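Naming convention: chains lettered A, B, ... in sequence-line order (proteins, then strands); numbering from 1 in each chain. Predicted model, so just to flag it, every value in this text is computed and none were measured.
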Number of protein chains: 2
Amino acid sequence: MLVMPPMQEPTFLVLTALTGEPLHGYGILQQVTALSGGTVVLGAGTLYGALDRLTEQGLIAVEREEAVDGRLRRYYRLTDEGAGRLSVEVERLRRNANAAAAGLRRRATGNVTLPGLA
Amino acid sequence: MLVMPPMQEPTFLVLTALTGEPLHGYGILQQVTALSGGTVVLGAGTLYGALDRLTEQGLIAVEREEAVDGRLRRYYRLTDEGAGRLSVEVERLRRNANAAAAGLRRRATGNVTLPGLA
DNA sequence: CCGCGATATTACGTCAACCGTAACGTAGGA
DNA sequence: TCCTACGTTACGGTTGACGTAATATCGCGG
């Protein structure tokens with residue numbers, strides 16, 4: 001109940017986008033597109049849903065609100081807890097990637113036996 | 001419509017478990033538990049749901065069926081397409097992990113500026 | 001001898017997250 | 001004028017994961 005590891009790509013990238021300076025929703029949208037090399041383009045529903053959820057979980061927080069030309073800009077920043085959570089996720093991704101890569105390599109070299117584990 | 005990248009952890013681990021020899025459902029359950037270091041324990045619903053889905057997508061295939069003590073064992077193997085798909089996922093995970101790690105490092109060192117991207 | 005855990009799969013119902021799109025409003029360029 | 005960029009809100013829909021129970025055989029401990 002105190003754990004809740006698995007995080008999907010959009011959520012992960014939102015946190016990643018906020019490791020830099022605080023950004024508002026639209027800025028996050030662009031940042032995510034940029035750091036995914038254009039392969040991930042979040043829809044509005046996904047983005048703002050994630051922001052509400054992450055705020056509620058304390059992984060991000062509202063930094064400030066600005067009004068530009070009557071358009072609202074709500075800036076979010078990554079909390080320390082969010083940064084901690086993100087680094088846990090990074091380890092999980094690396095671990096999974098390595099396990100799969102090892103399996104694929106074994107397969108490619110014809111070695112079929114599976115070792116127990118690390 | 002020809003693309004369908006994002007894959008969640010359970011699905012990813014099922015494919016990873018099958019990079020070795022063909023396994024039946026219950027064997028996959030154990031293998032996933034093992035290679036995740038015990039942190040991921042799939043429920044029956046998740047596992048068999050994933051197997052049906054992946055079979056339908058052609059990423060895995062039924063190798064053979066066996067009956068042991070009246071208990072059915074359906075063995076699955078990873079298809080070439082599944083292996084290809086898995087390696088694509090590996091790259092995606094690594095890319096995301098690296099992007100997040102870079103951001104966290106910058107944050108830790110006080111450097112706040114975000115570079116464009118790789 | 002009875003219950004429990006391991007072995008294996010099927011079959012639910014539920015929920016969280018993602019997806020897509022429309023709506024609302026300003027502003028600037030083709 | 002229409003379309004795009006900006007920026008957020010508000011839906012409805014789909015999917016994958018989750019949890020648990022049903023079914024059935026077997027072996028072990030009490």
Side-chain angles (χ1 to χ4, degrees), chain A residues 1 3-15 17 22-34 36 39-57 59-60 62-76 85 89 92 96, chain B residues 1 3-18 22-34 36 39-57 59-60 62-76 85 89 92 96:
Chain A
M1 289 87 222
V3 298
M4 25 109 99
M7 173 182 293
Q8 295 194 30
E9 189 174 38
T11 301
F12 181 88
L13 292 175
V14 166
L15 292 185
L23 296 172
H24 62 288
Y26 200 82
I28 295 174
L29 232 40
Q30 300 174 133
Q31 186 62 25
V32 165
T33 300
S36 73
T39 58
V40 178
V41 181
L42 301 185
T46 304
L47 195 248
Y48 294 103
L51 291 178
D52 289 348
R53 192 168 11 98
L54 292 171
T55 299
E56 190 176 358
Q57 293 173 356
L59 303 187
I60 63 176
V62 174
E63 172 81 1
R64 69 183 188 281
E65 295 189 355
E66 240 176 54
V68 179
D69 288 328
R71 274 188 292 265
L72 177 68
R73 280 186 181 176
R74 187 145 42 223
Y75 284 82
Y76 294 89
R85 186 68 168 58
E89 284 298 303
R92 190 169 64 82
N96 288 343
Chain B
M1 282 85 214
V3 296
M4 26 109 99
M7 173 181 294
Q8 296 196 34
E9 190 175 37
T11 301
F12 181 88
L13 292 176
V14 166
L15 291 185
T16 299
L18 291 175
L23 296 173
H24 61 289
Y26 200 81
I28 295 173
L29 231 41
Q30 301 174 131
Q31 185 63 24
V32 165
T33 301
S36 73
T39 57
V40 178
V41 181
L42 301 185
T46 304
L47 196 250
Y48 293 102
L51 291 179
D52 289 348
R53 193 169 10 98
L54 292 171
T55 299
E56 191 176 358
Q57 293 174 356
L59 304 186
I60 63 176
V62 176
E63 173 80 1
R64 69 182 188 280
E65 295 189 356
E66 239 176 56
V68 178
D69 288 326
R71 273 188 291 268
L72 177 68
R73 282 185 180 176
R74 186 147 41 226
Y75 285 81
Y76 293 89
R85 187 66 169 58
E89 284 299 302
R92 189 170 64 82
N96 288 344

Next on the checklist: Between C1' on C:dA17 and CD on B:E9, what's the gap in Å once rounded to a whole number?
Outcome noted: 15 Å
Checklist entry - Taking the side chain of B:Q30 as its heavy atoms from C-beta onward, which of D:dC18, C:dT7, C:dA17 lies nearest to it? => result C:dT7
Next on the checklist: Counting only heavy atoms not in B:E65 (residues, nucleotides, ligands), do more than 12 fall under 6.0 Å from its CD?
Outcome noted: yes
Item to check | Closest to the B:L72 side chain, choosing from C:dT9, D:dG7, C:dA27 | outcome: C:dT9
Checklist entry - A:D69 or A:T46: which one's nearest nucleotide on DNA chain C is closer to the 5' end? => result A:T46
Checklist outcome for this item: Separation of D:dG16 atom C1' from B:Y48 atom OH, nearest Å, is 18 Å
Checklist outcome for this item: From CD of A:Q8 across to P of D:dT14 the rounded distance in Å is 18 Å
Item to check | Between P of D:dG7 and OH of A:Y76, the distance in whole Å | outcome: 14 Å
Checklist outcome for this item: Picking from D:dT20, C:dA17, D:dG16, the nucleotide nearest the side-chain atoms of B:A44 would be D:dT20
Next on the checklist: Of the options D:dT9, D:dG16, C:dA17, whose atoms approach the side-chain atoms of B:Q57 most closely?
Outcome noted: D:dG16
Checklist entry - Hey, what do you get for CG (B:L23) to CD1 (B:I60), rounding to the nearest 0.5 Å? => result 10.5 Å
Checklist entry - Hey, what do you get for CG (A:L47) to OG1 (A:T11), rounding to the nearest 0.5 Å? => result 10.0 Å
Item to check | From D:dT9, D:dC18, D:dG16, nucleotide with atom closest to A:R74 side chain | outcome: D:dT9
Item to check | Nucleotide D:dT9, atom C1' - distance to CD of A:E65 in whole Å | outcome: 14 Å
Checklist outcome for this item: When rounded to whole Å, the CD1 to C1' distance for the pair B:I28 and C:dT9 reads 12 Å
Next on the checklist: Over all strands shown, is A:G49 touching base, sugar-phosphate only, or nothing at heavy-atom distances under 4.0 angstrom?
Outcome noted: nothing
Item to check | Residues which pass salt bridge (charged side-chain N to carboxylate O under 4.0 Å, His left out) with A:D69, listed by chain and number, not counting sequence neighbours | outcome: A:R71
Next on the checklist: Need one value for A:R71: base, sugar-phosphate or nothing, where a base atom within 4.0 Å counts as base even if backbone is also close, heavy atoms only.
Outcome noted: base
Item to check | Atom-to-atom span, CG of A:L42 to P of D:dT8 - whole angstrom | outcome: 14 Å
Item to check | Interatomic distance, B:L51 atom CG to B:T46 atom OG1 [nearest 0.5 angstrom] | outcome: 10.5 Å
Checklist outcome for this item: Considering only heavy side-chain atoms of A:Y26, the closest of D:dA17, C:dC18, D:dA5 is D:dA5
Next on the checklist: What is the distance, to the nearest angstrom, from the CG atom on A:L47 to the P atom on C:dC19?
Outcome noted: 11 Å
Next on the checklist: If you assign A:G43 and A:T11 each to the DNA chain C nucleotide with the nearest heavy atom, which residue ends up on the more 5' nucleotide?
Outcome noted: A:T11
